Visitor: 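Take a look at this one; I'll ask things after.
These values consider heavy atoms only, across backbone and side chains, with no hydrogens, waters or symmetry-generated copies. Predicted model only: the values in this text are computed from it and were never measured.
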Amino acid sequence: MLYIIGIGLGNEKDISLNGLEVIRNCDAVYLENYTSKLMFKIEDLEKLTEKKIILAERELVENGDEILKNAKDKNTALLVKGDVFGATTHTDLYLRAVKQGIKTKIIHNTSILTAIGDTGLSLYKFGKTASIPFHYRNVKTPIEIYEKNKEMHTLLLLDLNPKENQYMNYKEGLKYLIDNSERKINQETKVIICAALGTEEQIIKYGMINELLEIEINVYPQCIIIPGKLHFMEEEVLELYKI
C-alpha cells in the first residue's frame, strides 16, 4: 500500500490525525526534501510519528523505484510538504503505482495555493500560477502568464533549493518583473509579498514596489502576488498589510 500524505506548511503538528494514524502503521516512511523548506526538525517528526523518517531527495522520488518496491508488499508513506497535488505534483509516482497494481491512498493538507487566502484575496479570482527560477535569463513564461491573467490575481512562486539552503528573496523576483515586463510592471505597481505562509513566522506585506524594496524580509519561502481587479472587501483586508 502506498500512502501519499500532505503534511501542511507549518511544523510537524500540521499533519492531520488521519495522516498521523496512517504513518504510525507504515513500515517505511519517506519525506520528500526538495520542493520546499521544512519548518521543523526531523527528530521532532520522528518523535511525533514514532517512525524513522527517510529523507528523499529529488532523484529518489522522481525515480520512484525504491518507494514503489517497498509499497508492493509493505505499508509505505511518502510525506509531501504542503498538499500532495498542490504547487508540486507527484502525479507521476501516483500513476506508476496504479499501473503496477499497488493500492494507493491520498491524504490531503493545506498548500500554498490555499494559504494565500490569508491575504484576503478571493481564491476564485486567481489566474494561472507561475514560478520565477534562479536562472531566469531569457525566461519569459512568468510575464506571459501575468499578461494572460489580465484582471485575475497572479501568484508567482520564487525558486528555492532547500538542500543548498538557497531561497530567492522577493527583491530578486521584483527585479525580474520590472526588467522583463516592458514597463507593464514598474516601481509604482502594487504587489503583495508573502513569506513562510501557514507558519508561525508568516509575513504578509502590501504596497508599491518602491516601498517594498525599502524593507527587509528574510523569512522563507517567499512568493509575490500581483493583484488583479479588487473587490472592496479584498481592498479592506489588504489595508491590514499595507506598509
Side-chain angles (χ1 to χ4, degrees), residues 1-118 123 129 131 157 160-165 167 196-202 219-221 223:
M1 184 78 171
L2 174 64
Y3 297 92
I4 309 180
I5 304 172
I7 62 172
L9 300 173
N11 60 33
E12 73 282 358
K13 295 178 182 178
D14 276 6
I15 296 175
S16 68
L17 290 176
N18 190 19
L20 181 59
E21 181 179 355
V22 166
I23 294 168
R24 287 178 173 170
N25 286 286
C26 280
D27 301 295
V29 181
Y30 295 87
L31 171 61
E32 65 99 324
N33 190 38
Y34 61 90
T35 59
S36 190
K37 182 179 182 180
L38 296 177
M39 308 301 287
F40 54 82
K41 296 179 181 178
I42 301 302
E43 294 79 11
D44 293 335
L45 180 59
E46 291 180 327
K47 183 178 179 180
L48 176 66
T49 60
E50 301 172 355
K51 290 292 178 180
K52 175 65 179 177
I53 304 297
I54 305 168
L55 284 179
E57 302 299 340
R58 182 183 296 274
E59 183 178 351
L60 191 152
V61 177
E62 292 185 347
N63 177 276
D65 290 344
E66 178 181 328
I67 296 173
L68 295 175
K69 182 179 179 181
N70 278 327
K72 286 181 179 179
D73 52 22
K74 299 177 182 178
N75 287 328
T76 302
L78 172 64
L79 311 184
V80 179
K81 181 73 183 293
D83 193 26
V84 176
F85 300 125
T88 301
T89 177
H90 293 79
T91 306
D92 180 66
L93 185 68
Y94 171 75
L95 286 174
R96 289 177 61 190
V98 172
K99 290 176 181 178
Q100 292 182 34
I102 299 171
K103 291 183 178 180
T104 307
K105 183 174 181 179
I106 306 300
I107 299 177
H108 292 284
N109 210 312
T110 303
S111 80
I112 184 66
L113 299 179
T114 53
I116 52 176
D118 282 3
L123 298 180
T129 298
S131 297
L157 303 175
L160 45 75
N161 181 359
K163 187 176 181 180
E164 301 297 330
N165 198 32
Y167 302 91
L197 276 181
T199 77
E200 294 180 356
E201 299 179 5
Q202 173 173 299
V219 179
Y220 301 93
C223 63

Visitor: Return all side-chain donor-acceptor pairs below 3.5 angstrom for residues 12-19, not counting sequence neighbours, or 'none' if the list is empty.
Guide:
| from | atom 1 | to | atom 2 | distance (Å) |
| --- | --- | --- | --- | --- |
| D14 | OD2 | G10 | N | 2.8 |
| S16 | OG | G19 | N | 2.9 |

Visitor: So, for V80 and I4, which heavy atoms are closest and what is the spacing to 0.1 Å?
Guide: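 Looking at all heavy atoms of both residues, the closest pair is CG2-CG2, 3.9 Å.
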
Visitor: Once side-chain contact (heavy atoms from CB on, under 4.5 Å) is applied, do any residues pair with K41, and if so which ones, sequence neighbours excluded?
Guide: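 Per chain and number, K41 pairs via side-chain contact (heavy atoms from CB on, under 4.5 Å) with E43, D44.
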
Visitor: Listed by chain and number, what are the side chain to side chain donor-acceptor pair (under 3.5 Å) partners of D118, not counting sequence neighbours?
Guide: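 Scan of D118 (side chain to side chain donor-acceptor pair (under 3.5 Å), adjacent residues dropped) gives Q202.
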
Visitor: Quick check: does any side chain N or O of K51 sit under 3.5 Å from a backbone N or O of C26, one acting as donor and the other as acceptor?
Guide: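 Yes, because the side chain of K51 sits within donor-acceptor range (under 3.5 Å) of the backbone of C26.
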
Visitor: Could you tell me which non-hydrogen atom of L113 sits nearest to which non-hydrogen atom of L123, and how far apart they are?
Guide: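 Between these two residues, the closest heavy atoms are O-CD2, 3.7 Å.
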
Visitor: Sequence neighbours excluded, which residues qualify as ring-ring contact (aromatic ring centres under 6.0 Å, His included) partners of Y167?
Guide: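 With sequence neighbours excluded, Y167 shows a ring-ring contact (aromatic ring centres under 6.0 Å, His included) to Y220, given in chain and number order.
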
Visitor: Between V29 and T49, does a side chain to side chain contact (heavy atoms under 4.5 Å, CB included) hold up when you go through it step by step?
Guide: CA-CA 10 Å; V29 181; T49 60; over 6 Å; no

Visitor: Drop me the distance from M1's CE to N25's CG, to the nearest 0.5 angstrom.
Guide: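 Those atoms lie 11.5 Å apart.
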
Visitor: Enter the distance from I67:CD1 to L78:CG here, rounded to the nearest 0.5 Å.
Guide: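 Going from the CD1 atom of I67 to the CG atom of L78 covers 5.0 Å.
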
Visitor: Apply side-chain contact (heavy atoms from CB on, under 4.5 Å) to A196 and list each qualifying residue two or more places apart in sequence or on a separate chain.
Guide: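 With sequence neighbours excluded, A196 shows a side-chain contact (heavy atoms from CB on, under 4.5 Å) to M39, T199, E201, V219, given in chain and number order.
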
Visitor: For a quick test of reading the model, state the closest non-hydrogen atom pair linking A97 to L68 and the distance between them.
Guide: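 Answer, listing the atom of A97 first, then L68: CB-CD2, 3.7 Å.
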
Visitor: Where do A115 and L9 come nearest, in terms of heavy atoms and distance?
Guide: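 Smallest interatomic distance, heavy atoms only, reads CB-CD1, 3.6 Å.
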
Visitor: Considering only distance and modelled atom types, tabulate donor-acceptor pairs under 3.5 Å from the side chains of residues 53-64, sequence neighbours left out.
Guide:
| from | atom 1 | to | atom 2 | distance (Å) |
| --- | --- | --- | --- | --- |
| E57 | OE2 | N33 | ND2 | 3.1 |
| R58 | NH1 | E62 | OE2 | 3.1 |
| N63 | OD1 | D65 | N | 3.1 |

Visitor: State, to 0.1 Å, how close L160 and Y34 come at their nearest heavy-atom pair, and which atoms those are.
Guide: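 Nearest pair, atom of L160 first, then Y34: CD1-O, 3.9 Å.
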
Visitor: First locate atom CG of L48, then atom CG of N11, and finally report the distance between them rounded to the nearest 0.5 Å.
Guide: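 One finds 9.0 Å between CG of L48 and CG of N11.
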
Visitor: Just wondering, do L79 and I23 contact through their side chains at under 4.5 Å, heavy atoms?
Guide: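 Yes; the side chains approach each other to less than 4.5 Å.
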
Visitor: Tell me, please, which residues at least two apart from K69 pass side-chain contact (heavy atoms from CB on, under 4.5 Å).
Guide: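 K69 satisfies side-chain contact (heavy atoms from CB on, under 4.5 Å) with no other residue.
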
Visitor: Nearest 0.5 angstrom please: L31 CG to L38 CG, how far?
Guide: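 Going from CG on L31 over to CG on L38, the span is 5.0 Å.
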
Visitor: Please say whether more than 12 non-hydrogen atoms of neighbouring residues, nucleotides or ligands are located less than 6.0 Å from CD in Q100.
Guide: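 Count over threshold, so yes.
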
Visitor: Given the rule in the side chain to side chain contact (heavy atoms under 4.5 Å, CB included) test, do F85 and I106 qualify, once you have shown the distances and angles that lead to the verdict?
Guide: CA-CA 9 Å; F85 300 125; I106 306 300; 4.0 Å; yes

Visitor: Taking G6's backbone N and O only, do any of them form a donor-acceptor pair with N109's side chain (distance below 3.5 Å, no angle check)?
Guide: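 Yes, N109 side chain to G6 backbone: donor-acceptor pair under 3.5 Å.
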
Visitor: Ignoring hydrogens, what is the shortest heavy-atom contact between K81 and I7? Give both atom names and the distance.
Guide: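 Heavy atoms of K81 and I7 come nearest at CA-CG1, 3.8 Å.
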
Visitor: Can you list the residues that meet the side-chain contact (heavy atoms from CB on, under 4.5 Å) rule with E164, with sequence neighbours excluded?
Guide: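 Only N161, Q166 meet the side-chain contact (heavy atoms from CB on, under 4.5 Å) criterion with E164.
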
Visitor: How many angstroms lie between atom CG of L197 and atom SG of C223, to the nearest 0.5 angstrom?
Guide: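 SG of C223 is found 5.5 Å from CG of L197.
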
Visitor: Output the distance between atom CG (L45) and atom CZ (F40), rounded to the nearest 0.5 Å.
Guide: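 The distance works out to 5.0 Å.
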
Visitor: Without swapping roles, check the side chain of T114 against the backbone of T110 for a donor-acceptor pair under 3.5 Å.
Guide: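 Judged by distance alone, no pair lies under 3.5 Å.
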
Visitor: Would you please name every residue forming a side chain to side chain donor-acceptor pair (under 3.5 Å) with N70, sequence neighbours left out?
Guide: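 With neighbours one apart ignored, the set is Y30.
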
Visitor: With K99, which residues qualify under salt bridge (Lys or Arg N to Asp or Glu O under 4.0 Å), at least two apart?
Guide: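 With sequence neighbours excluded, K99 shows a salt bridge (Lys or Arg N to Asp or Glu O under 4.0 Å) to no residue whatsoever.
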
